[in-house]
Amino acid sequence: MAEETQKPEAAAAPAPTEEVVVEKESEQEDAPEKPADAVVEDKPAEAVEEEPKVEAKDTKVTESASFKEETNIAGELPDPQKKALDELKQLIQEALNKHEFTPPPAKDKDKPAPEEKKEEDQPATSAAETEVKVETEAPAPVEVKEEEKADPPVEAPAPVEVREEEKADPPIEAPAPETVVETEVVEKVSAADDDGAKTVEAIEESVVAVATPPPAEKPEEEASSSLKPEVVAQSEEKPEEAEVPRPPPQEVSIWGIPLLADERSDVILLKFLRARDFKVKDAFTMIKNTVIWRKEFGVDGLLDEELGNELEKVVFMHGFDKEGHPVCYNVYGEFQNKELYQNTFADEEKRSKFLRWRIQFLEKSIRKLDFSPNGISTIVQVNDLKNSPGPGKRELRQATNQALHLLQDNYPEFVAKQVFINVPWWYLAFNMMISPFLTQRTKSKFVCASPAKSSDILFRYIAPEQVPVQYGGLSRDGEQEFTVADAATEVTIKPATKHSVEFPVTGKSTVVWEVRVVGWDVNYGAEFVPTAEDGYTVIVSKTRKVGPADETVISNSFKTGEPGKIVLTIDNQTTKKKKLVYRSKAKPYSE
């Protein structure tokens, strides 16, 4: 018995090696299956890859282990990381002193730009108006131009002077004076019929008319010059105002923890640094953007909003993994319910509500984490793709992409592992396409499992007593004889073999047990065998065939007043390995 129970533990050790599945997509279907030697025989193709991939898994165990061993204690960080953390703190302190973490200042800076553009547009419009005015006067003498083109040769230089004068003031208006000059020339030609001297007068008048705009600009210069002392005065007053009140540095918190306070703050900052490969400026920009987004999105107020419980079966927290990380389950198959799908993704408003609900759920989960340097500050995500609507659902894809962008940009390094179970073929193809764009750090967190291997993969990271019953575990809702504190034992039953489990009974007691075989399709029976040679064996549960849909967990008990043992017999007559999970306890009684 001891040896058999140790086998599943050995399988659990290489659990981190499942991460390999995402790195090489061609081997993904088989990679997760290899460590689970007990179940590999389910598919011949998978069995073939068992031996070679064990070695690959071993190498990747070190990768996952190194990832998990990253310390959050500032004193234990490598020198470059310490320096990056100190530099990031300095940047944050300077930003807090200048109150740079508030959204309004960024909006105010954008406002003056359009105003300046308007001012620049105004002179152009005024020039256009003058052009229109002059052109309206031109229609009458248009015919005269053709007859007397040769008469006024002197008028050609006049427009040149006008252009030079206008170019000095507003360079943008240079084309406008050309049209003005042409209209004026028409007037000059008509004047030339009476006397050549009149044309000179007309030219002078036109020059004066065109030259009038510059004086209008001089008062502006005078006004600006008159404003200069005021500006200087204001600039002189500003430092006095800043010095007098000296507002305290801005106080900013994320997930209930100040950015610069204690060791917990270091844990938060390290998440942003690791998300940006310890590039200080990039990490600072990410923190700043996150703080501003949280204020604009209203995250703190979102915690108290009532958004309903229609999606409680889609996303839920349940139990912990073997390292103490809380586990979050995402069940995409629930969206096969058309009514739920329409109520969640039918239009933009509903998708926005779903997004707010998802952020609210994540925020509440994060608030329960331990941000102390030695605490657990990450979550394990289990994504069940069974009966998932797939990529063809445009609304679901839009909502998912939007949620992913927000999570990537504002919730760095909160996922310890991403486990995908009941993975269909199309996801493996999709994973193959996106894998080259994922960093090694991200891929080291990904684990994929086909439907036949899902329970085995979960058991490598999560103890059976913590796994929900629908995923092959023993955890059920409601009052039960056992709790998560009662550890379960995993055993792999080989094909065409019979396995026995014994619970010793020392005296007067009631023995209680729970047992399940993932997928069942085996024969099960239980009996009590007394220690006394003259005693009689008692059949507790007659041997019977248990099908896949008959029972998930068998619970039973036996009360006895003599020492002996309870013997459970599981007969696997199939050609596949089976995963057996059980636990028991004895409760003494008195007559």
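In this structure the side chain of Leu303 reaches within 4.5 angstrom of the side chain of Lys364, judged on heavy atoms. Looking at heavy atoms from C-beta onward, Glu363 lies in side-chain contact with Arg294 at the 4.5 angstrom threshold. Phe101 is listed as a side-chain neighbour of Lys288, based on a closest heavy-atom distance under 4.5 Å. Residues Trp357 and Val315 have side chains in contact (heavy-atom distance under 4.5 Å, counting atoms from C-beta outward). Contact annotation: the side chain of Ile462 approaches that of Val382 to within less than 4.5 Å [non-hydrogen atoms, C-beta and beyond]. Here the side chains of Ile287 and Leu88 are in contact, with some heavy-atom distance below 4.5 Å. Counting only heavy atoms from C-beta outward, the side chains of Ile254 and Val291 approach each other to under 4.5 Å.
Under the 6.0 Å distance and 45° angle rule, Arg476 does not count as a cation-pi partner of Phe482. Seen from the ring of Tyr341, Lys393 counts as a face-on cation partner, given the 6.0 Å and 45° thresholds.
Between Asp262 and Arg264 there is a salt bridge, since at least one side-chain N of the basic residue sits less than 4.0 Å from a carboxylate O of the acidic one. Ionic pairing of Lys445 and Glu413 is present here: one or more N-O contacts between side-chain nitrogen and carboxylate oxygen are shorter than 4.0 angstrom. Classification of Lys353 and Glu349 as a salt-bridged pair fails, no side-chain N sitting under 4.0 Å from a carboxylate O. Using a 4.0 Å cut-off between charged nitrogen and carboxylate oxygen, Arg441 and Glu70 count as a salt-bridge pair.
Checking side-chain atoms of Ser454 against main-chain N and O of Asn422 turns up a donor-acceptor pair under 3.5 Å. With Asp370 contributing its side chain and Ser372 its backbone, the two residues share a donor-acceptor pair below 3.5 Å. No donor-acceptor pair closer than 3.5 Å links the side chain of Asn343 to the backbone N or O of Leu340. Counting only distance, with no hydrogens or angles, the side chain of Lys579 and the backbone of Arg516 share no donor-acceptor pair below 3.5 Å. A donor-acceptor pair is defined here as one N or O able to donate and one able to accept, closer than 3.5 Å; no such pair exists between the side chain of Arg276 and the backbone of Thr285. A donor-acceptor contact shorter than 3.5 Å links the side chain of Gln360 to the backbone of Leu302. Formation of a donor-acceptor pair under 3.5 Å by the Asn309 side chain with backbone atoms of Glu312 is not found in this model. Judged by distance alone, with hydrogens and angles left aside, the side-chain atoms of Ser377 form no donor-acceptor pair with the main-chain N or O of Phe371 at under 3.5 Å.
Pro249 and His99 make their closest contact through C-NE2, 4.2 Å (heavy atoms, listed as atom of the first residue, atom of the second, distance). Heavy-atom minimum distance, Val553 versus Gly473: CG2-O, 4.3 Å. The heavy-atom pair separating Pro412 from Met286 by the smallest distance is CB-CE, 3.7 Å. Nearest heavy-atom pair, Arg274 versus Thr71, reported as atom, atom and distance to 0.1 Å: NH2-O, 2.6 Å. Val518 and Gly472 get closest at one heavy-atom pair: CG2-O, 4.0 Å. Here the closest heavy-atom approach between residue Pro326 and residue Leu369 is recorded as CG-CD2, 3.6 Å.
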Test Asp456 against Thr492 for side chain to side chain contact (heavy atoms under 4.5 Å, CB included), laying out the working first.
CA-CA 10 Å; Asp456 296 315; Thr492 298; over 6 Å; no
Apply the test side chain to side chain contact (heavy atoms under 4.5 Å, CB included) to residues Tyr582 and Val491: give CA-CA distance (whole Å), side-chain angles for both, the deciding distance (0.1 Å), then the verdict.
CA-CA 9 Å; Tyr582 65 89; Val491 178; 3.8 Å; yes
Pair Glu465, Arg583 - check salt bridge (Lys or Arg N to Asp or Glu O under 4.0 Å), show working.
CA-CA 9 Å; Glu465 63 270 14; Arg583 57 183 170 178; 5.4 Å; no
Begin with the C-alpha distance, continue with both residues' side-chain angles, and end with the deciding distance and a verdict on side chain to side chain contact (heavy atoms under 4.5 Å, CB included) for Phe297 and Arg356.
CA-CA 9 Å; Phe297 197 83; Arg356 293 185 66 80; 3.8 Å; yes
Applying side chain to side chain contact (heavy atoms under 4.5 Å, CB included) to Glu323 and Lys417, what does each step give before you reach the verdict?
CA-CA 11 Å; Glu323 296 180 355; Lys417 194 166 295 294; over 6 Å; no
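How far CZ of Phe414 is from CG of Leu407: 11.0 Å, rounded to the nearest 0.5 Å. Here the straight-line distance linking atom OG1 of Thr290 with atom OH of Tyr411 works out to 9.0 Å at 0.5 Å rounding. With rounding to the nearest 0.5 Å, the separation of CD1 in Ile379 from CD in Gln418 is 10.5 Å. Taken to the nearest 0.5 Å, the NZ atom of Lys89 stands 14.5 Å off from the CD atom of Glu94. Put simply, OH on Tyr332 and CG on Leu396 are 8.0 Å apart, with the number rounded to the nearest 0.5 Å. Rounded to the nearest 0.5 angstrom, Cys328 SG and Leu362 CG are separated by 8.0 Å.
Between Phe446 and Phe420, the ring-plane angle classifies as tilted under the 30° and 60° cut-offs. The aromatic rings of Phe272 and Trp255 lie parallel to each other, with less than 30° between the two planes, well short of the 60° mark. Ring geometry for His318 against Phe316 counts as perpendicular: the plane angle is over 60°, on a 0 to 90° scale with 30° as the lower cut. Between Tyr471 and Tyr329, the ring-plane angle classifies as parallel under the 30° and 60° cut-offs.
The 12-atom threshold is not exceeded at CD of Glu263, counting heavy atoms of other residues, nucleotides or ligands nearer than 6.0 Å. Within 6.0 Å of CD on Gln480 lie more than 12 heavy atoms contributed by other residues, nucleotides or ligands. Within a 6.0 Å sphere centred on NZ of Lys82, heavy atoms belonging to other residues, nucleotides or ligands number more than 12. Enclosure of atom CG in Asp347 by more than 12 non-hydrogen atoms of other residues, nucleotides or ligands within 6.0 angstrom is indicated. Under a cut-off of 6.0 angstrom, the local environment of NZ in Lys386 is sparse, with at most 12 non-hydrogen atoms contributed by other residues, nucleotides or ligands.
Counting only N and O atoms by type, the side chains of Asp86 and Gln90 include no donor and acceptor under 3.5 Å apart.
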